[in-house]
2 protein chains.
Amino acid sequence: MRELEIPHRYRSPDTRQGIAAGGTTPRAGMRAPKILMSESSLLDRQELPRAQGGAAFSPLYQQIKALLLQSLDRGEWKPGEAIPSEHELAARYQVSQGTVRKAIDELAADNLLLRRQGKGTFVATHQEAKVRFRFLRLMPDDGKQRLSGSRILDCRRGKASAEIAALLDLKAGEGVVMLRRLLSFDGSPTILDDIWLPGALFQGLTVELLGRNRGPLYGLFEAEFGISMVRAEEKIRAVRAGQEEAALLNVSISDPLLEVERVSYTYGDRPVEVRRGLCLTEHFHYRNSLN
Amino acid sequence: MRELEIPHRYRSPDTRQGIAAGGTTPRAGMRAPKILMSESSLLDRQELPRAQGGAAFSPLYQQIKALLLQSLDRGEWKPGEAIPSEHELAARYQVSQGTVRKAIDELAADNLLLRRQGKGTFVATHQEAKVRFRFLRLMPDDGKQRLSGSRILDCRRGKASAEIAALLDLKAGEGVVMLRRLLSFDGSPTILDDIWLPGALFQGLTVELLGRNRGPLYGLFEAEFGISMVRAEEKIRAVRAGQEEAALLNVSISDPLLEVERVSYTYGDRPVEVRRGLCLTEHFHYRNSLN
DNA sequence: TCACATTTGTACGTATGTATC
DNA sequence: TGATACATACGTACAAATGTG
């Protein structure tokens, strides 16, 4: 583990120990602890700048959350696997189970973890239908999800354009993998995706590997490259079909298409994918919930 | 309040009372407690059918959440107002503060309530910029939000079409208010909205009232009609501009437009608005976050 | 089928920190 | 300075779901 400090708030409530109840149970005064991470690291701290000029403090459970995030990021627990029990984590970090619980609660709310009563807490994976659904927003108008077939049209390596480099947080000219695929539903081509990935992170990515893959692309990324897509931002527009796109999607030039620009992030808000999808919305729609 | 029953789980942990610690603090055994709503009402219960054929049980905090929802729905606390403190609610419902806290946590997570440390917990209102932002997803490509001007083009009453009636959960032919408005940013028309509302709920809604309104439409609905928009579902497509729409949005016929179909819901998942927006996405985009 | 251990879920209580007025 | 309200942290006990012997 790492070096820990003691914050000057949420100290052990040792004032209790004299007054405290029956002596059979282990009391707070016996424990050593209260930890604080020495560096801020992945902490998604609030925007509030503390009045004091000093270090950035955060509640214990946020620190635990950050530690859990680090473990996830390092691949200590793989997608689909169970993480240690709350009890075990509490012992490991020397905090109460309730504190671990609150940390996990937030990670579960962010869909990074999945709790199952009686079984344990599991690392979210794109192999599950539920998760995949969260990232595939195009739905048939009649509501019935159809089988989707993916055809890889292209996969090659090159240098990032200035625009892509900026979005992926790369230096201009760094290597990227570019791939193009066509998703069909019931055999009719519906989504044309252009995808850019940082070359360094996706070394062995080839058409052959993609061809062998059944199931979602993000599932492959998890299994083969250890990269979990955790979050994405999309920008959606209505555009006109160009010549090439029209041909691939089997529509006329200038037909309206839904353009979906996506930047996907892994743990720690690091961008790892840029995607531009062109969708035929004659019989499909992009669904979204506001709340 | 209402009649309450005692569930056969989560009974008072009265086994403690003999063993329990110092006698100065109020013990669990003193309270009367443990409630269960006699009817299911607004409960958003899980899909799990209980093994037993009997009543539908739910955790206490879910019951409290349902009671809070009822109070919100009845307008006991108005948008922008503070609800009673956790302490007070705990006393009212005869449960612990922690249980009230968990109920409020969920309502806050759903954006129905807003917690402010040191001040209280407040009913969410569309008067706030933050909330408005959640429902206005069209953004300028450069990221800088501009002033939006709303011009009401039409407002009349009529009978619901079969389609609208179905979406609003009305009987075919029931009265609706239809209105059309044009939103402009920096003076350039960008969004053309057609809106349908249940006539019965929006009695005094007129062009004059709309004309006097500054601020968001949903704010007006809250203030004048006591109807809070809490959630919405959208379906998004790329379409071709028709003649009328093209003229109003100042584009050519057949230009691509983003169509956003929205159904909005108030407390208890009751649909209270259908909206069809046509958006110009030359310099704007619909933003969305996936997680 | 039953008993048991494990793991998450619910509920309670207490003490203290932090923000606000 | 004090009162109030939400936030954090600890601890305990029991319920419910799951898997195993």
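Within every chain, numbering begins at 1; the chains are lettered A, B, ... in the order of the sequence lines, protein sequences first and strands thereafter.
Between A:Gln62 and A:Glu106 there is a side-chain heavy-atom pair separated by less than 4.5 Å.
Note on residues 122-132 of chain A: pairs passing side chain to side chain donor-acceptor pair (under 3.5 Å), not counting sequence neighbours, are A:Thr125-A:Glu222. Screening residues 75-85 of chain B for salt bridge (Lys or Arg N to Asp or Glu O under 4.0 Å), with sequence neighbours left out, gives B:Arg74-B:Glu76, B:Glu76-B:Arg92.
In this structure, of D:dT8, C:dG13, D:dA9, it is D:dT8 that holds the atom nearest to the side chain of A:Lys102. Side chain of B:Arg115, nearest nucleotide from D:dC10, C:dC12, D:dC6: D:dC6. Distances were taken from every side-chain heavy atom of A:Arg101 (C-beta onward) to each of C:dA11, C:dT8, D:dC6; the shortest belongs to C:dT8.
Cation-pi contact between B:Arg146 and B:Phe185: absent, since separation from the ring centre below 6.0 Å together with deviation from the ring axis within 45° is not met. At least one cation-pi condition fails for B:Arg262 and B:Phe135: the charged atom is not both under 6.0 angstrom from the six-membered ring centre and inside a 45 degree cone around its axis. Note that B:Arg116 lies in the cation-pi zone of B:Phe122, set by a 6.0 Å cut-off to the ring centre and a 45° limit from the axis.
The separation between B:Asp105 atom CG and C:dA11 atom P is 13 Å, rounded to whole Å. Between the CG atom of A:Leu89 and the P atom of D:dC10 there is a distance of 14 Å, given to the nearest Å. Put simply, CG on B:Leu60 is 15 Å from C1' on D:dA13, counting in whole angstrom units. Computed from coordinates, the A:Gln97 CD to C:dA11 P distance equals 16 Å when rounded to whole Å. The distance between atom CD of A:Glu106 and atom P of D:dA9, rounded to the nearest whole Å, is 11 Å. As rounded to whole Å, 11 Å separates atom C1' of D:dC6 from atom CD1 of B:Ile83. Distance, B:Tyr61 OH to D:dA16 P: 14 Å, rounded to whole Å. Between B:Gln94 atom CD and C:dC12 atom P there is a gap of 10 Å when expressed in whole angstrom units.
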Interface polar pairs with nucleotides 5-7 of chain C, N/O, under 3.5 angstrom:
| residue | atom | partner | partner atom | Å |
| --- | --- | --- | --- | --- |
| C:dT7 | O2 | A:Gly118 | N | 3.3 |

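In this structure, A:Leu290 CG and B:Glu234 CD are separated by 4.0 Å, a value rounded to the nearest 0.5 Å.
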